[in-house]
Amino acid sequence: MIMAHHKFSILKELLKDLDDERNDLFLHVDKKARDFDPEDICASIKKARICITERMDVRWGGFSQIKCILMLLERATGAGNHAYYHFMVGVEFPLKTQDYIHRFFDEHQGYEFIGFDHEDQKYMDRVRYYHIFNEYARNNTFFQKILNKINFGCVYIQKMLHVDLTKRYGIAFKKGNANWSLTHDLARYILSKKEEVSRIYRHSFCGDEVFIHTIVFNSVFYKKVYDVEDEYRSSMRVMTWEDEKNQYHLKDLNYLMGCKRLFARKIDGGDALRLIDGIKRSRE
């Protein structure tokens, strides 16, 4: 399941790498993207089954991200009982071959590959307060900047009044890497919580990194989490916080090929295609 909104040359490389008869691909492309050519995208797929879903207006930090993830889960689970559901973004890329990845999940069948963050101590603000303009967190226009300032002011007032919306729910909230690989049973369990998710997270901020982790933590599935102590080992992803834009570059090739993770993000810098080519050559 892939959520994409730009840099379609990189997305095409990702899809070609996932083009395996054992895979079903579910692709969402943001409704705001104007240069998306579905025929060009599908032309690169020869073996896998691909479904381009209905397009939504997805905005960073807003509830629309959660709605899109749930939609992808619905489409994917509705198409069959898959062993695993992998949520990715369009600028992510596998570090291992499809044979390696399928063998890994076959050997670890039943584990939930989702990572929990133990470092961020402020994430509760995302769900503790009403973020009335959570769909406008990016300050791209003058209008959005105004709405963002109004939202900031409303949150500030709620803090002064000691508002805490989480107290009404009686659950422990958790946060972590928004990319994961989950079993069919857990995917269906998450979908059974759709109404609850809408009630709790509709006015959250960046709730996409909270809602699934919270569901898992408060369920029997938490016992099957691959590594509850190591966020990125548990999700089998690797990310960088050292780069200004959190991007991997060609200079990182040796590091990426030496790590034991399955997927890397973000690969969307100016040398992204050369890095992807280097990854594919190194895997041969």
Inter-residue atom distance [X].[atom1] - [Y].[atom2], 0.5 Å rounding:
X	Y	atom1	atom2	answer
L25	I41	CG	CD1	11.0 Å
Q65	D208	CD	CG	4.0 Å
D268	Q247	CG	CD	4.5 Å
D20	R49	CG	CZ	9.5 Å
N134	L147	CG	CG	11.0 Å
E135	H203	CD	NE2	10.0 Å

Sorted by first residue and then second, give each ring pair (Phe, Tyr, Trp, His ring centres under 6.0 Å) pair with at least one member in [range]; sequence neighbours left out.
range	result
residues 9-35	none
residues 146-178	none
residues 59-81	W60-F205
residues 263-283	none

For the pair D120 and K122, evaluate salt bridge (charged side-chain N to carboxylate O under 4.0 Å, His left out) and give the outcome as yes or no after the intermediate values. CA-CA 6 Å; D120 187 351; K122 297 182 179 180; over 6 Å; no
In terms of side-chain heavy atoms, does [X] have a donor or acceptor partner in [Y] at a distance below 3.5 Å?
X	Y	answer
N23	Q98	yes
T166	D164	yes
N177	S235	yes

What pairs of residues pass the salt bridge (Lys or Arg N to Asp or Glu O under 4.0 Å) test when at least one of them lies in [range], not counting sequence neighbours?
range	value
residues 234-245	E92-R237
residues 73-85	E54-R75, E74-K194
residues 98-116	R22-D99

Quick check: are there more than 12 heavy atoms from other residues, nucleotides or ligands sitting under 6.0 Å from [atom1] of [X]?
X	atom1	result
E119	CD	no
Y111	OH	no
K67	NZ	no
F221	CZ	yes

Holding to ring-ring contact (aromatic ring centres under 6.0 Å, His included), I want the full list of residues that pass it with [X], two or more places apart in sequence or in another chain.
X	value
F133	none
H86	F105
F116	H213, Y222
H184	Y85

Quick check on the hydrophobic clustering: are [X] and [Y] connected, directly or via other members, by side-chain heavy-atom contacts under 4.5 Å?
X	Y	result
L182	F113	no
F87	I52	no
I200	I132	no
V89	I66	no
I114	L70	yes

Taking [X] for the side chain and [Y] for the main chain, is one N or O donor matched with an acceptor at less than 3.5 Å?
X	Y	result
S234	E231	no
Y248	M239	yes
D19	K47	yes
R126	C206	yes

Among all residues two or more places apart in sequence or in another chain, which pass the side-chain hydrogen bond (donor to acceptor under 3.5 Å, both in side chains) test with R55?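 For R55, no residue satisfies side-chain hydrogen bond (donor to acceptor under 3.5 Å, both in side chains) once neighbours in sequence are set aside.
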Apply salt bridge (charged side-chain N to carboxylate O under 4.0 Å, His left out) to the pair D125 and R128, showing each step before the final yes or no. CA-CA 5 Å; D125 287 1; R128 183 176 283 132; 3.1 Å; yes
Salt bridge between R283 and D17, side-chain N to carboxylate O under 4.0 Å?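 Yes, charged N to carboxylate O under 4.0 Å.
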Under-4.0 Å salt bridge between K251 and D271: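 Salt bridge flag = no for D271 with K251.
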Can you list the steps and then say if T77 with R188 is a side chain to side chain donor-acceptor pair (under 3.5 Å)? CA-CA 7 Å; T77 57; R188 295 303 302 173; 2.9 Å; yes
